[in-house]
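Here is the structure we will look at.
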Amino acid sequence: MNYWLVKSEPDAYSWQEQLKNNIEPWTGIRNHQAKKNLQSMKAGDLAFFYHSNVGKEIVGIVRIVKEFYPDPTDPDHKWCCVDVQTVCTVPVPVTLKQIKTIPELQEISLIKQSRLSVMSITPEHWQLLCQLGQVSSQDIDK
DNA sequence: GCCAACGTTGGC
DNA sequence: GCCAACGTTGGC
């Protein structure tokens, strides 16, 4: 089981839309490192859903339900996407501001590689971020 | 292969 | 709106 964080600008695609859609193809990734991460995702992996630009906070959790396949929005079929399914809303959104104040979280890619839109999260950081967001294990288990 | 110019992302 | 940090492009 791996853990991830994916970014979306709420103006383009928000958590509210994700809640409505439930299952959504995660398309439009046009960065090689982000693509590499997409291809490393396994069905069942969990990912934080982060609002970039507006909000700048972790607002939800999704599960990878379909592993990488060609991105239908890419005419060259060079890039790929995965399908994600809504798992739960993070009861208390974890803001970037808050993350920056926590010494244990200074090494996460969200801070160190601020432009990367699909990144891996260590199990330790995942647990800590879940605590901060007051996500209960039951929320995720179902 | 180097590097300048340019474009994009995302925080502030 | 600005800027830092990258990534990409194209001339040489």
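In the text below, chain A, chain B and the rest are named by the order of the sequence lines, each starting its count at 1. Remember, it's a predicted structure, so these values are computed and weren't measured experimentally.
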Pairs under 3.5 Å (N/O, protein and nucleotides 6-10 of chain B):
from, atom 1, to, atom 2, distance (Å)
B/dT8, O2, A/R115, NH2, 3.1

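A/D139 places no side-chain N or O within 3.5 Å of a backbone atom of A/C88 that could act as its donor or acceptor partner. Side-chain atoms of A/K35 do not come within 3.5 Å of backbone N or O of A/I29 as any donor-acceptor pair.
For the helix from B/dG1-C/dC12 to B/dC12-C/dG1, the axis fitted to the five pairs at one end and the axis fitted to the five pairs at the other end meet at an angle of 10° (nearest 10 degrees).
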Listing, residues 94-104 of chain A side-chain donor-acceptor contacts under 3.5 Å, not counting sequence neighbours, or none:
from, atom 1, to, atom 2, distance (Å)
A/T95, OG1, A/Q98, N, 3.0
A/T101, OG1, A/Q98, O, 2.6

Less than 3.5 Å apart, which donor and acceptor atoms pair up between the side chains of residues 65-73 of chain A and the rest of the protein, not counting sequence neighbours?
from, atom 1, to, atom 2, distance (Å)
A/E67, OE2, A/A43, N, 2.8
A/Y69, OH, A/D83, OD1, 2.5
A/D71, OD1, A/T73, N, 2.7
A/D71, OD1, A/T73, OG1, 2.6
A/D71, OD2, A/G28, N, 2.8
A/D71, OD2, A/R30, NH1, 3.0
A/D71, OD2, A/T73, OG1, 3.2
A/T73, OG1, A/R30, NH2, 3.1

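Taking the six-membered ring for Trp and thresholds of 30 and 60 degrees, A/W126 and A/F48 have nearly parallel ring planes, at less than 30 degrees apart. Between A/H32 and A/W79, the ring planes lie tilted relative to each other; the angle falls in the 30° to 60° range.
Using a 4.0 Å heavy-atom distance criterion, A/K97 is classed as making no nucleic acid contact.
Rounded to whole Å, the distance from CD1 on A/I108 to P on B/dG11 is 11 Å.
Through side-chain heavy atoms spaced under 4.5 Å, either directly or across other Ile, Leu, Val, Met, Phe, Trp or Tyr residues, A/V54 is tied to no other residue.
Checked against side chain to side chain donor-acceptor pair (under 3.5 Å), A/K112 has the following partners two or more places apart in sequence or in another chain: A/E107.
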